[in-house]
**Q** 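Take a look at the following structure, please.
Order of listing sets the numbers, starting from 1, for every ligand and every atom in it.
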Amino acid sequence: MNKNTIIYFIAAVAATGGLLFGFDTGVINVALPSLREQLHLTPSQESMVVGAVLFGAMFGPFISGFLTDLLGRKKINIIASLVFVLGSILAAIAPNTNSLIAGRLLLGLAIGIVAATVPLYLAELSPKEKRGRMVTFFQLAITLGILLSYVVGYIFGNAENAWRLMFWAGFVPAIILFVGMLLVPESPRWLLSKGRDDEAKSVLNKLREPKEAEDEYNETKKLLEEEKNNKSSWKELFSERLRIPLFIGIGIFAIQQFSGINAIIYYSTDIFKQLFSDSDATIATVGVGVVNTLATILGMRFLDKWGRKPLLYTGLIGTAVCLGTVGLAFYFQDILPAGLRQIMLVGGIYSYIIFFAISLGPLGWLLISEVYPLKIRGFASSMGSFNHWFFDLMVAISFPLMRATSLGENGGIFGIYMLVVLLGLFFAKYVVFETKGLSLEDIEKKYK
Ligand code: BGC
């Protein structure tokens, strides 16, 4: 098989983890109406059903943090896929709310594991000039998963037991991930870090031209040799030497999540219902999914061409303008003509999604897969992923609460999200550094 075909096959399999991430987080948006009806959820049960996935995902990194470096990138993803299978079955057949919450917790756990391990697996398998694009496959898969969940919601919305059918739909990619993961190779860099040199060589030869394979082998070997006396433990992540990558893992996800992305991904239907009929609001939500996916494909083209920083600046400025527009549409709702208000709200939200999808979306997962040293990469990227879920949960819980206050009425929520994004400009300037075209080993040398 052609080397490029193998690489893209691996990317497709690994990215199925991203598809499940997007699907299982997005599906709740469309499953809730039927869940409310059939399980008679109280408001607190409802928030537990919604939050369970994010809560579970917060714990995933604690499992993957140690096991990714110990067992390898492949085995941990096989474990995650089995948890996905179990979680999907449990959620789909749940006889009562508690079993449903348990199923959603399991799904979250699996999402938390793949979010921490798939991007770094992809980064370690990619040739350096394609790394940005390859890791962004993961983000593309997340957006496809979200879109798929909205479409599944649209199709099954009126069926009896709609929510069960929606959760069953998540079972299919879980099985694909499991089977696919059995077929892909282990990361050559991880194999080298465990002294399994011959296996690493054979994987590299399958993926690279002979000269590239040899260079990559020698470079990683040399780096590991130099690091030999450098005792590696998880504590190193908090050392002076790794201050910048530590800040990157916290900062990029704080900005990504507090830019309010999931206020839209999880609650867009509610927002659109203020403007349109129920069924039009659902269609507008499917539109969010489509725009998100298409813009991510656009972003993939530019990450390795323009570099990470220019895209980050573009995305931050663009999202700030859009969030400001949406905020103003709320603030001046009484004096704006209805047509203009609609354009500002829908146009603002759709354009926000475009700017997010070319920058903050892919960059979060990309940066945490590439800025940490090999020896603690699994642990460090898991901690980055933990930050993501923690901030995500905060936004998911606070958005409906804030909406019920004057901040919801006057668009202040979007003003807050805009301020966060503007602060992100300092982060982009002073903390993030350009990784385009550098090998993972070149990046690691920066911390010596
Ligand atoms: C974020 C998710 C978000 C998605 C939207 C991802 O990068 O991690 O929280 O829902 O982008 O496309």
**Q** Would a 4.5 Å heavy-atom cut-off, applied to side chains only, mark I111 and W389 as touching?
**A**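 Yes - at least one pair of side-chain heavy atoms lies under 4.5 Å apart.
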
**Q** Could you tell me whether N292 approaches ligand 1 through its side chain, its backbone, both or neither, with non-hydrogen atoms closer than 4.0 Å?
**A**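 It is the side chain that touches ligand 1; the backbone stays farther off.
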
**Q** Check each atom of ligand 1 against the heavy atoms of G361 and keep those under 4.0 Å away; list them by number with element.
**A**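 Those atoms are 7 (O).
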
**Q** Under 4.0 angstrom from ligand 1, any heavy atom of F21?
**A**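 Contact check F21 vs ligand 1: positive.
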
**Q** Work out whether the distance between some heavy atom of G364 and some atom of ligand 1 is less than 4.0 Å.
**A**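 No; G364 lies far enough from ligand 1 that no heavy-atom distance drops under 4.0 Å.
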
**Q** Could a heavy atom of Y266 be found less than 4.0 Å from some atom of ligand 1?
**A**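 No, Y266 has no heavy atom closer than 4.0 Å to ligand 1.
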
**Q** Any idea which atoms of ligand 1 are less than 4.0 Å away from a heavy-atom of W365?
**A**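 Listed by number with element, the hits are 6 (C), 7 (O), 8 (O).
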
**Q** If you count the atoms of ligand 1 from 1 in the order shown, which ones are under 4.0 Å from a heavy atom of Q139?
**A**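 Those of ligand 1 that fall under 4.0 Å from Q139 are 6 (C), 7 (O), 11 (O), 12 (O).
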
**Q** Hey, does L363 have a side-chain heavy atom less than 4.5 Å from the side chain of L303?
**A**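 The answer is yes, as the side chains (C-beta and beyond) meet within the 4.5 Å cut-off.
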
**Q** Give the atom numbers and elements of ligand 1 that come within less than 4.0 Å of a heavy atom of T143.
**A**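 Within the 4.0 Å cut-off of T143, ligand 1 contributes 12 (O).
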
**Q** Do R189 and E216 sit within salt-bridge range, that is, some charged N less than 4.0 Å from a carboxylate O?
**A**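 Yes.
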
**Q** Without hydrogens or angle criteria, can the side chains of E124 and W190 be said to hold a donor-acceptor pair below 3.5 Å?
**A**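 Absent: no donor and acceptor within the cut-off.
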
**Q** Does the gap between the ring centers of F171 and F167 come in under 6.0 Å?
**A**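 No, too far apart.
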
**Q** Measure the distance from atom 8 (O) of ligand 1 to every protein heavy atom, then report the residue, atom name and distance (to 0.1 Å) of the closest one.
**A**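 For atom 8 (O) of ligand 1, the nearest protein heavy atom is H388 NE2, 2.6 Å.
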
**Q** Does any donor atom in the side chain of T269 or N29 lie under 3.5 Å from an acceptor atom in the other side chain?
**A**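 Looking only at side-chain atoms, N29 and T269 do form a donor-acceptor pair, the distance falling under 3.5 Å.
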
**Q** Using the benzene-type ring in the case of Trp, are the ring centres of W365 and F21 under 6.0 Å apart?
**A**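 Ring centres of F21 and W365 closer than 6.0 Å.
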
**Q** Geometry only, no angles: is N262 polar-contacting ligand 1 at N/O separations under 3.5 Å?
**A**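 Right, the criterion is met.
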
